[in-house]
Amino acid sequence: MDFFLKLFLSGTAKGSIYALIALGYTMVYGIVQLINFAHGEVYMIGGFTALIVGGLLFSSGMAVPLVLALSIASAVVFSAAFGFTIEKLAYKPLRNKPRLSALISAIGISMILQNFVLLAQTEKYLSFPSYLPELEFLRPVREYLNSTQFIILVTTATIMVALTLTIKFTRMGKAMRATAQDKHMAQLVGVDINGVISLTFIIGSALAAVGGVLICSYMGQINYYIGFVAGIKAFVAAVLGGIGSIPGAVLGSFILGWTESLGTGYLSSDYEDAYAFVILILILILKPDGILGKNQKQKV
Amino acid sequence: MALMELRDVCTYYGNIQALRGISLSVEEGEIVTLIGANGAGKTTTLMSICGIAQIRSGQVLLDGEDISRKSPHSIVAMGLSQVPEGRRIFPQLTVLENLDMGAFLRRDKATVRVDLEEVFDLFPRLAERRNQQGGTLSGGEQQMLAISRALMARPRILLLDEPSLGLAPLIVQNIFDILKRINEERRTTVFLVEQNANMALKIADKGYVLQNGSIKMADSAERLLANEEVRKAYLGL
Amino acid sequence: MSVANPILEIDGLSMVFGGLRAIDDVSLHIREGEICALIGPNGAGKTTIFNCITGVYKPTEGRVTIRRGGGQREAIQGLKPNVINRKGLARTFQNIRLFGNMTVLENVMIGRHNALAAGVIRAIARDAATRDEEARLIDDCRRILVKMKLDPFINETARNLPYGAQRRLEIARALATDPFLLLLDEPVAGMNPHETKELEETIDLIRDEEKVTILLIEHDMSLVMNVSERIYVLDYGRLIAEGTPEEIKGNPEVIRAYLGE
Amino acid sequence: MRRSMVVVAILAVSVALILSGCQKSASGTIKIGVAGAHSGDLASYGLPSVNAAKLVVEAVNAAGGIDGKTVELFIQDDQCKPELATNAAAKLVSDEVVAVIGHICSGATKSALGIYKDSKIITVSPSATTPSLTQSGEYPNFFRTIAPDDAQARLATKFIKETLGLSSLAVLHDKGDYGKGFAELVKQYAESEGIRVVLFEGINPGAPDYSAVVNKIGNSGAAGVVWGGYHPEASKLVQQMKDKGMSLPFISDDGVKDQTFIEVAGTYAEGVYATGPMDTSSNPLAVKAVADHKAKFGDEPGAFFLNAYAATLAVVNAIDKAGSADYDAVVKALRSEYVETPLGRISFDGIGDVIGFGFSVFQVQGGVYVELK
Amino acid sequence: MERNKLLRDLRSSAIIAAWFSVLLFPLLVMKVSVTGGQALVRFRWERLPAIAVAAFVLSFAWRRALEWNEARGDKPSGSGPIAALTVKARSALALRPIRLTATLVLLAVAAAYPFALGMYHTNIMITALIYVILALGLNLVVGLGGLLNLGYAAFFAVGAYTYGLLWKYAGPAFVSAGLDPGWLFWIALPTAGVLAAIFGALLSLPVLRLRGDYLAIITLAFGEIVRMVLQNSGEVTGGATGISLIPRPWFFGLRLPPRQAATYIYYIAVALVALTVFVVRRIEDSRVGRALEAMREDEIACEAMGVDLVRNKLITFSLGAFWAGIAGVLLAAQTTYINPDSFTLWESITVLMAVVIGGTGSIPGAIGGALLLKLLPEYFRPLAQYRMLIYGIAMILVIIFKPDGLLPRNRKKYTFDGSPSAVGAPVAAGDQEARR
């Protein structure tokens with residue numbers, strides 16, 4: 001039972017890591033129906049920015065909490081700027097073109113960003129200093145859940161709730177939902193859809209940056225390639241939960257985390273990814289639109 | 001000065017010319033109808049007015065101001081509201097949320113609520129279904145919702161694209177009655193693009209006939225109704 | 001009211017969507033060689049009936065049976081659309097569903113899918129029989145396209161056709177499947193009176209020359225009253241009237257629910 | 001008639017094949033290829049060898065070259081993918097190189113060797129450790145400046161048994177050719193030594209979190225953990241183990257015996273054991289090589305830098321000693337001549353494995369790897 | 001007017017230059033290194049003006065290019081000099097003698113290639129031709145059937161491993177029986193095709209209801225599962241170590257040196273490409289091909305026309321997989337070594353990119369796309385570490401300025417004298433109403 005609990009909690013922690021990235025993924029997909037392959041790269045850039053800014057500030061002798069806050073803030077700002085720029089450069093010109101074109105463009109961006117960071121920074125793994133505080137009250141149970149995991153979990157939950165509320169109740173959220181359902185009509189009721197789409201990318205990328213900082217702190221390392229694997233996993237999680245749905249992305253991520261964790265624990269980690277994919281296939285066969293996805297049945 | 005005026009508007013899709021120099025004007029308080037066959041360029045005209053289709057030359061004037069280079073949302077903000085072809089209800093929003101979207105640009109919450117009641121008065125069916133998702137409504141109800149949504153913006157001019165398409169005779173009658181009522185009671189200017197020339201000309205003050213991307217005839221509605229050519233080509237008589 | 005040997009008979013058909021009864025105990029029948037119309041307000045369930053007949057939906061209750069060429073009566077409800085099509089029922093769609101990026105001719109060729117036999121192996125080998133088959137296919141399609149006045153457009157991409165021609169192409173494609181019963185869902189929606197008139201003649205032609213029975217849904221009363229011999233009226237998923245155009249025009253309930261004035 | 005056509009066709013193809021085999025004559029410079037992963041996720045293992053080769057060649061040319069001939073480098077990226085490796089190899093063959101420093105990954109090396117072998121091109125890998133590359137006897141043209149995996153697996157097992165005295169082990173690997181190969185050998189040797197292997201599993205490289213498998217280690221009751229693979233996963237593993245309050249000895253391979261591991265894992269790295277090439281960092285040549293690297297490229301060299309440096313030196317030396325770039329002569333020189341390198345005085349044995357340089361066990365103590373004698 | 005526009009453009013280019021200077025500052029001007037757990041940052045100020053100037057110039061060019069692209073619109077065929085030329089070329093190719101000559105010339109060029117360019121070029125051409133076969137196969141699935149498949153590399157792996165495992169298990173028996181193991185290649189070729197097709201059919205069964213992105217993700221999952229199985233069942237497949245020393249194809253019992261072997265495999269690859277093109281063309285222009293295409297356009301209408309979707313999807317996946325299997329055998333023969341790393345998601349993506357960049361649904365497109373995608377990075381080799389960056393940029397440029405692909409499909413035109421012909425009247429301008 002104790003073993004199960006440990007596995008369950010580590011699955012939860014892992015799920016919340018996936019969720020941090022999947023949230024941005026699903027959000028962009030929900031509005032523009034684009035599989036933003038470059039999302040993982042934006043997350044990686046967020047991590048790098050935090051590392052650079054943090055390093056600069058820390059060596060100037062600033063206090064740790066302030067360094068943490070400023071480096072997260074700069075990661076968010078720069079990642080958001082990257083997201084905004086990517087959309088304008090590589091996706092906007094393809095908005096009315098076949099969907100596969102935008103997918104290819106996204107893959108291209110992903111390659112460019114990876115190699116850009118490889119060339120501009122380094123190909124090596126770098127140690128990522130953790131500026132995150134050690135939470136005292138978790139010390140007795142850290143075998144089950146440590147501080148960083150806890151912080152990630154709380155952040156994920158907060159972001160999910162905040163996003164859901166924003167989309168449900170604010171004016172901007174309404175504009176987003178309208179844009180998602182019918183861009184053309186949204187324009188006709190006065191929604192600035194270019195603005196909405198830009199904002200979506202900005203928010204999605206900002207979330208990726210938060211994920212970048214937290215997850216890199218947790219892993220203790222960073223490299224230009226970390227975005228690719230994380231991006232694929234987040235994509236799977238988002239689809240599992242029903243792509244486009246915000247609670248769905250989180251639920252999908254948790255299911256993925258639990259499956260992998262329990263599968264590893266009770267079976268073998270040799271097939272860790274396979275468990276995730278088998279669950280994905282089973283769920284999609286039973287429910288072709290994901291767990292919380294909207295039924296996209298065509299009207300005849 | 002006309003409320004809305006098109007001057008020699010040319011629009012292209014790629015390099016296919018869809019509109020070949022259209023000029024027309026709509027005065028404040030009028031119902032003006034644009035009739036024409038499929039493919040004549042009716043929808044393109046509407047898209048050009050509201051800025052979704054980029055016009056290549058010519059001008060669209062609203063209150064004398066050229067809006068042809070403005071973005072769609074700022075044109076809506078100037079008081080131009082459209083009921084597009086095929087109604088285009090937001091399928092996953094409820095009736096109420098759809099109407100709310102209509103008032104997207106308005107900040108006056110109190111008057112929006114008043115307008116909402118007014119719209120429900122106009123279409124009691126919608127009041128009954130206010131919490132139902134837009135996609136589950138029948139065609140007729142969707143058309144009512146589309147018109148109501150456009151009205152929620154308190155437009156100075158209401159543009160409609162084939163509101164009668166695919167609707168039962170009784171509902172078509174109902175909708176045209178209401179358009180007339182809106183025009184009379186609220187003094188909303190109506191620009192109506194229709195295939196159903198008979199119905200449209202009956203409620204309109206003025207009509208234009210569009211053919212192959214250019215205006216073939218322009219006259220008062222009564223005279224067009226009586227015109228031999230129009231009767232033959234568009235009224236099926 | 002029961003007729004000897006209708007070619008299509010619907011008996012006690014009901015369709016429930018999440019608690020909502022879209023069709024409620026509808027029974028109707030079509031006789032060989034007639035043109036029959038199904039009218040009613042939007043949302044009354046007309047298209048749902050079509051979908052139940054053609055296999056897009058599986059009806060909750062009731063039977064749909066057909067009888068082709070004096071043969072045995074067979075039940076078709078719940079079968080898959082392609083199977084039902086093979087049994088001789090073809091349809092068009094309310095919002096045109098052509099194969100938009102294919103040419104006009106290719107669209108009609110798809111209609112003749114089941115009239116051909118070549119599989120993958122024969123397609124690769126392209127033996128004499130297959131070449132023959134293809135030649136015959138083009139002949140057959142030409143005949144249909146000429147009949148539907150679409151022959152000038154053969155190599156045109158379907159999406160680029162004028163609206164009226166798209167509607168006609170849908171009918172041509174349906175005819176290519178060799179149906180004995182053709183179901184037309186709002187065939188003249190969006191057409192002008194002139195085009196409507198033309199289609200009216202075409203529908204008559206199809207019935208007379210191709211010997212195809214026709215069931216149609218339409219809001220355009222001029223068409224309905226001119227072409228159909230019998231009319232069923234549907235309201236809120238129930239049949240409220242059945243009769244000749246004259247009877248329907250005068251039926252007070254139909255006037256209240258549907259026609260107005 | 002038919003048959004004669006067939007004969008003609010066969011003749012034609014044969015002539016064509018023979019024609020395509022005609023080689024052009026060699027030119028005035030000595031050409032050496034450098035191949036390995038220079039882009040993609042394994043670039044960090046490949047790029048240091050490029051730098052090493054550049055430094056050596058620069059020094060050689062500055063000193064007047066070999067017999068007056070300058071040495072020219074041809075650098076080819078294979079991303080560690082077999083099919084790209086054959087292309088890179090083909091490119092080097094058509095560039096008419098005499099020897100290749102590379103490839104980096106064993107898989108890519110295997111597929112490239114198929115081409116080098118038949119083209120008589122000497123291949124010296126700084127990092128391909130799969131035992132079969134030398135032990136199968138299939139590749140007489142292959143040499144390496146690193147010991148094969150079985151040597152370090154044997155060393156690691158001996159260390160576990162004799163020094164640490166562990167009775168049960170959890171063996172993890174990254175499912176890769178190298179890591180899994182090492183892990184399997186450790187498992188095999190350990191079991192024959194009577195050590196119980198209570199857990200043997202592969203984990204996904206690159207995953208953000210290994211807490212599930214760490215829990216499983218805790219649950220298995222293993223007295224020590226062996227990791228076959230590279231340092232990024234190793235540092236996550238040690239970190240997450242310590243976070244969960246586990247303090248089992250952690251033994252790994254030379255993929256972890258890398259300063260980057262300590263940089264990345266920080267204090268978590270303390271106490272980790274790793275087998276690795278003997279420590280030659282105090283060797284004056286090594287000191288100079290590292291200093292040169294810092295001067296030229298601005299940072300610390302990465303993995304397999306010294307091995308690649310030594311490989312290049314060995315090749316250059318062998319060509320020099322052989323007096324020509326002739327394949328047989330150079331091979332002979334490689335096998336017979338000793339050369340001073342940053343790895344020490346080395347030569348190669350009959351199957352191509354390095355002599356004079358082997359493995360030791362290291363432990364991280366105070367932020368550096370300390371060789372345990 | 002023109003002057004004003006220029007000034008406006010220059011001003012916004014200046015703004016964009018400033019934007020990029022800020023955006024790229026942390027990554028391009030600062031450089032981080034970590035020692036002793038401490039991140040150290042070095043500034044490379046000399047890069048800043050370079051970024052600004054580059055951004056200024058590029059943004060100016062980019063805006064002009066986009067405007068040109070917009071104005072160019074989607075020209076219908078039959079206008080513009082290039083289009084006129086292609087029409088002319090097509091009508092010329094319709095004539096039998098010209099077509100015959102063109103084919104012969106093409107064959108001659110293909111035959112002379114290895115002699116003219118040597119082993120390296122022959123080798124990369126083999127790799128490119130393998131991808132041509134893959135792209136043609138995937139084109140059946142994505143282009144014709146409209147089913148987005150991100151797990152295509154799995155079938156490629158099935159092919160390669162069919163040969164690899166045949167070698168591993170039947171090879172010794174062959175050798176001891178005194179037979180040349182190179183024969184195995186010719187046995188593996190059809191076997192792999194059929195096995196891959198069976199795998200394709202198996203995959204198609206669970207995914208019948210799925211379309212679009214959901215189909216993409218599930219095929220992705222399938223591809224990864226296959227790779228994981230190959231990786232983890234070490235006893236059978238050699239696991240991550242792979243299978244090495246796979247024999248090159250049999251050639252009259254001769255053991256060919258690499259140069260000749262490359263030439264030989266090259267000819268086999270050319271022949272297989274020709275076969276693929278032949279078969280794919282015939283399928284495309286047949287009852288089966290039309291049904292696949294109709295399914296892509298509209299599943300509901302397709303079913304209503306009597307087409308059996310289940311069967312259709314089965315055929316699509318199997319046909320596509322078949323070619324991947326063939327290509328896999330060729331890969332194993334070329335590299336003589338296979339391991340699971342050659343069949344990653346990235347491989348599937350590359351093939352998909354080849355199809356889309358070439359022009360979805362178009363046979364010349366798939367060929368051109370695959371050649372471009374595989375040859376381009378090879379010719380970028382001198383640029384070493386920059387090549388993947390340039391590759392990514394090149395891809396985005398292609399897809400933005402040619403979103404329908406470089407060689408979009410030219411539909412077959414018919415005349416009603418009974419015989420189909422390749423030329424038709426230029427397509428008349430169609431309906432001009434906006435339909436989206």
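Values below: every heavy atom of this structure, side chains too, minus hydrogens, waters and symmetry copies. Lettering of chains follows the sequences in order, A, B, ..., and the numbering in each one begins at 1. Keep in mind that what you see is a predicted model, and the values were worked out from it rather than measured.
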Are A/S127 and D/E263 close enough that a side-chain donor and a side-chain acceptor fall under 3.5 Å? no

The interface call for A/D270 against chain D, heavy-atom contacts under 4.5 Å, is both

Set of residues satisfying ring pair (Phe, Tyr, Trp, His ring centres under 6.0 Å) with respect to D/F200, sequence neighbours excluded: D/H173

Indicate yes or no for a side-chain donor-acceptor contact from D/E201 to the backbone of A/S268 under 3.5 Å, with no hydrogens or angles considered. no

Once you round to the nearest 0.5 Å, how far does CZ of A/F4 lie from CG of D/N219? 13.0 Å

Interface residue of largest heavy-atom contact number with chain A, from D/A207, D/P48, D/A43, D/P208, under 4.5 Å: D/P208

Distance-only donor-acceptor hits, side chain of residues 222-234 of chain D, under 3.5 Å, sequence neighbours excluded:
from: D/W227; atom 1: NE1; to: D/Y230; atom 2: O; distance (Å): 3.0
from: D/E233; atom 1: OE2; to: D/G206; atom 2: N; distance (Å): 3.0

Sort A/L5 into side chain, backbone, both or neither according to what part of it lies under 4.5 angstrom from a heavy atom of chain D. neither

Once you round to the nearest 0.5 Å, how far does CG of D/N215 lie from CG of A/L7? 5.5 Å

Ignoring hydrogens, what is the shortest heavy-atom contact between A/N146 and D/D243? Give both atom names and the distance. ND2-OD2, 3.2 Å

Could you state the interatomic distance from OG (D/S211) to CD1 (A/I17), rounded to the nearest 0.5 Å? 7.5 Å

Supply the atom-to-atom distance D/T260 OG1 to A/K124 NZ, rounded to the nearest 0.5 angstrom. 6.5 Å

Does anything in residues 217-231 of chain A reach chain D? List residues with heavy atoms under 4.5 Å apart, or say none. A/S217, A/Y218, A/M219, A/G220, A/Q221, A/Y224, A/Y225, A/V229

Go through the atoms of D/K236 and report whether side chain, backbone, both or neither lie under 4.5 Å from a heavy atom of chain A. both

Sort D/K242 into side chain, backbone, both or neither according to what part of it lies under 4.5 angstrom from a heavy atom of chain A. backbone

Contacts of residues 258-265 of chain A with chain D (heavy atom under 4.5 Å): A/S261, A/T264, A/G265

Please examine the side chains of D/Y210 and A/S10, heavy atoms only from C-beta on, and report whether any two atoms are closer than 4.5 Å. no

With a 4.5 angstrom heavy-atom cut-off, is it the side chain or the backbone of A/Q149 that approaches chain D, or both, or neither? side chain

The interface call for D/L47 against chain A, heavy-atom contacts under 4.5 Å, is side chain

Which answer fits A/Y144, side chain, backbone, both or neither, if we ask what part of it has an atom under 4.5 Å from a heavy atom of chain D? backbone

